[in-house]
Engineer: 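Right, I'll just put the structure down here and ask away after.
All values below come from the heavy atoms of this structure, side chains included, with hydrogens, waters and symmetry mates left out.
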Amino acid sequence: AMLRLRFLTWDVKDTLLRLRRPVGESYAAEARAHGIRVQPEALTRSFREAYGAQSRLFPNYGQGRGLSSQQWWVDVVKQTFRLSGVHEEGVIRLMAENLYHDFCSAGNWEVLPGAGETLSQCCQRGFRMGVVSNFDNRLEKILSQCNLRHHFEFVLTSEETGFAKPDGRIFQKALCLSGVPPEQVAHVGDDYTRDYRAARAVGMHGFLLRAAGQSSEPEVPPEHVLPTLSHLLTLIEK
């Protein structure tokens with residue numbers, strides 16, 4: 001092989017796992033259980049607004065700002081309901097706590113097509129692997145519940161490290177844990193800036209998972225683009 005790769009790091013959301021249904025549908029179902037009717041589309045829009053505002057005010061789940069990631073998320077969910085016209089604070093609090101815990105489970109997440117097989121094949125070929133994800137501390141549990149955790153030597157989250165991709169320090173930490181020089185490590189993810197460009201900035205290789213029809217960034221050579229995860233080993237072993 002041209003690439004002498006020994007270690008692979010992986011993004012999780014929309015690379016290995018995705019939500020089973022739009023956020024608004026999960027929130028609407030929770031509201032229905034409390035006798036409250038809200039349109040899923042309205043909740044999805046409100047969620048985007050609440051999540052965006054919270055991320056700007058308190059980046060990386062409020063790290064270093066005295067917030068726990070649970071409080072960070074509970075506030076986002078409460079604000080989502082308020083923006084959608086729900087105002088019973090007691091019920092809002094209950095729904096927010098329930099939803100925070102629901103998103104810990106495999107019930108809300110599904111493994112992307114080809115992900116399990118690709119990870120198993122990578123392990124069989126002798127690649128060591130880890131996770132580098134802008135996620136909160138629920139990620140270990142979610143990966144275990146989705147039966148993917150055993151593939152990885154470590155799971156690095158932005159909450160735990162205090163640095164979020166594209167900050168190179170989260171990748172430096174991964175390199176440190178792997179004990180492998182960057183030119184023998186590749187990162188696989190779906191975000192051009194946070195995954196592909198950020199990994200390459202610290203000297204790692206990068207593979208960009210890009211579904212058909214997604215806009216293409218000119219800087220990404222075709223041999224670094226994965227139309228599906230199943231293409232990964234073909235590209236590595238060229």
Side-chain angles (χ1 to χ4, degrees), residues 11-34 36-110 131-143 145 155-171 173 189-195 197-198:
D11 170 55
V12 175
K13 189 174 184 291
D14 297 326
T15 298
L16 296 174
L17 297 179
R18 65 183 172 205
L19 288 174
R20 284 186 189 273
R21 53 185 182 172
V23 167
E25 287 183 23
S26 302
Y27 285 33
E30 176 66 26
R32 271 198 306 279
H34 295 272
I36 298 169
R37 299 259 161 206
V38 199
Q39 288 304 312
E41 302 75 26
L43 283 162
T44 294
R45 283 195 303 274
S46 297
F47 172 80
R48 287 204 187 106
E49 189 181 326
Y51 178 88
Q54 185 81 324
S55 299
R56 285 188 296 276
L57 276 173
F58 302 106
N60 195 15
Y61 312 109
Q63 279 302 287
R65 302 290 294 278
L67 273 182
S68 68
S69 57
Q70 178 164 355
Q71 189 56 55
W72 191 96
W73 275 113
V74 164
D75 288 346
V76 168
V77 182
K78 286 177 173 176
Q79 187 62 7
T80 298
F81 282 114
R82 291 183 197 122
L83 288 168
S84 301
V86 181
H87 296 297
E88 298 88 321
E89 282 298 320
V91 180
I92 287 177
R93 187 176 69 243
L94 190 58
M95 293 192 295
E97 299 282 351
N98 289 348
L99 284 162
Y100 174 82
H101 291 293
D102 284 350
F103 279 86
C104 279
S105 73
N108 273 314
W109 297 94
E110 63 187 5
V131 162
V132 178
S133 170
N134 285 358
F135 218 98
D136 63 77
N137 57 17
R138 290 174 293 181
L139 187 56
E140 290 260 7
K141 185 176 174 193
I142 293 167
L143 287 168
Q145 293 226 340
V155 174
L156 272 190
T157 63
S158 58
E159 178 180 9
E160 183 203 346
T161 57
F163 307 113
K165 300 180 297 188
D167 190 315
R169 287 172 288 187
I170 191 169
F171 289 104
K173 179 85 192 282
D190 70 307
D191 188 282
Y192 170 72
T193 305
R194 289 192 287 264
D195 292 310
R197 213 174 69 191

Engineer: Can a donor-acceptor pair be found, under 3.5 Å and without considering hydrogens, that links the side chain of Arg138 to the backbone of Tyr100?
Structural biologist: yes

Engineer: Measure the CD-CG distance between Gln70 and Asn137 for me, rounded to the nearest 0.5 Å.
Structural biologist: 8.5 Å

Engineer: Looking only at non-hydrogen atoms, find the nearest pair between Arg21 and Ala29 and report the distance.
Structural biologist: NH2-CB, 4.1 Å

Engineer: Might you work through the side-chain contact (heavy atoms from CB on, under 4.5 Å) test for Leu43 and Glu25, ending with a clear yes or no?
Structural biologist: CA-CA 8 Å; Leu43 283 162; Glu25 287 183 23; over 6 Å; no

Engineer: Cut-off 3.5 Å, side chains only: do Ser46 and Thr80 have a donor facing an acceptor?
Structural biologist: no

Engineer: Apply side-chain contact (heavy atoms from CB on, under 4.5 Å) to residues Val132 and Val155 and explain how you reach the verdict.
Structural biologist: CA-CA 6 Å; Val132 178; Val155 174; over 6 Å; no

Engineer: Are any of the side-chain heavy atoms of Tyr27 and Val23 separated by less than 4.5 Å?
Structural biologist: yes

Engineer: Is there side-chain contact between Val86 and Val91, with heavy atoms separated by less than 4.5 Å?
Structural biologist: no

Engineer: List for me each residue that meets side-chain hydrogen bond (donor to acceptor under 3.5 Å, both in side chains) alongside Arg18, sequence neighbours excluded, and say none if there are none.
Structural biologist: Glu110

Engineer: Within the 3.5 Å criterion, strictly below it, is a donor on Asp75 or Gln79 matched to an acceptor on the partner's side chain?
Structural biologist: no

Engineer: For residues Ile170 and Ser133, report the shortest heavy-atom separation together with the two atoms involved.
Structural biologist: CD1-O, 4.3 Å

Engineer: Can you find a pair of side-chain heavy atoms, one from Phe81 and one from Ile36, that are under 4.5 Å apart?
Structural biologist: no

Engineer: Is there a side-chain contact between Val12 and Leu139 (heavy atoms, below 4.5 Å)?
Structural biologist: yes

Engineer: Looking at Ala198, is its backbone amide N or carbonyl O close enough to the side chain of Lys165 to form a donor-acceptor pair, meaning the two atoms are under 3.5 Å apart?
Structural biologist: no

Engineer: Below 4.5 Å, heavy atoms only, C-beta onward: do Glu160 and Glu140 meet side chain to side chain?
Structural biologist: no

Engineer: Counting heavy atoms not belonging to Arg48, are there more than 12 under 6.0 Å from its CZ?
Structural biologist: no

Engineer: Residues in ring-ring contact (aromatic ring centres under 6.0 Å, His included) with Trp72, at least two apart?
Structural biologist: Tyr51, Tyr61

Engineer: Report the distance from atom CG of Leu94 to atom CD of Glu89, rounding to the nearest 0.5 Å.
Structural biologist: 12.5 Å

Engineer: Ignoring hydrogens, what is the shortest heavy-atom contact between Arg32 and Arg37? Give both atom names and the distance.
Structural biologist: CD-NH1, 3.4 Å

Engineer: In Å and rounded to the nearest 0.5 Å, what is the NZ to CD1 distance from Lys78 to Ile92?
Structural biologist: 8.5 Å

Engineer: Hey, is the main chain of Asp102 close enough, under 3.5 Å, to the side chain of Ser105 for a donor-acceptor pair?
Structural biologist: yes

Engineer: Are Phe135 and Trp73 near enough that their ring centres are under 6.0 Å apart?
Structural biologist: no

Engineer: CD/Glu88 to NE2/His34 distance, rounded to the nearest 0.5 angstrom?
Structural biologist: 11.0 Å

Engineer: Calculate, to the nearest 0.5 Å, the distance between atoms CG and CG belonging to Leu67 and Asn60 respectively.
Structural biologist: 11.5 Å

Engineer: What heavy-atom pair brings Val77 and Ala96 nearest, and what distance separates the two atoms?
Structural biologist: CG1-CA, 3.7 Å

Engineer: Within the structure provided, determine whether Asp190 and Asp195 are in side-chain contact (heavy-atom separation under 4.5 Å).
Structural biologist: yes

Engineer: Of all heavy-atom pairs between Arg194 and Pro166, which one has the smallest distance, and what is that distance?
Structural biologist: CG-CD, 3.9 Å

Engineer: Backbone N or O of Ala164 within a donor-acceptor pair of the Ser158 side chain at under 3.5 Å?
Structural biologist: no

Engineer: Which pair of non-hydrogen atoms, one from Cys104 and one from Ile142, has the smallest distance, and what is that distance?
Structural biologist: O-CG1, 3.2 Å

Engineer: Between Trp109 and Arg20 (side chain of the first, backbone of the second, donor and acceptor by atom type, cut-off under 3.5 Å), is there such a pair?
Structural biologist: no

Engineer: Using only heavy-atom distances, determine whether the side chains of Thr161 and Arg169 contain a donor-acceptor pair under 3.5 Å.
Structural biologist: no

Engineer: Closer than 3.5 angstrom, by distance alone: can the side chain of Asp136 be matched with the main-chain N or O of Ser69 as a donor-acceptor pair?
Structural biologist: no

Engineer: Using the rule given for side-chain contact (heavy atoms from CB on, under 4.5 Å), can you reason through Asp191 versus Asp11, listing the C-alpha separation, both sets of side-chain angles and the distance that settles it, and then say yes or no?
Structural biologist: CA-CA 9 Å; Asp191 188 282; Asp11 170 55; over 6 Å; no

Engineer: Going from CG on Leu16 to CG on Leu143, what distance comes out if it is rounded to the nearest 0.5 angstrom?
Structural biologist: 7.5 Å

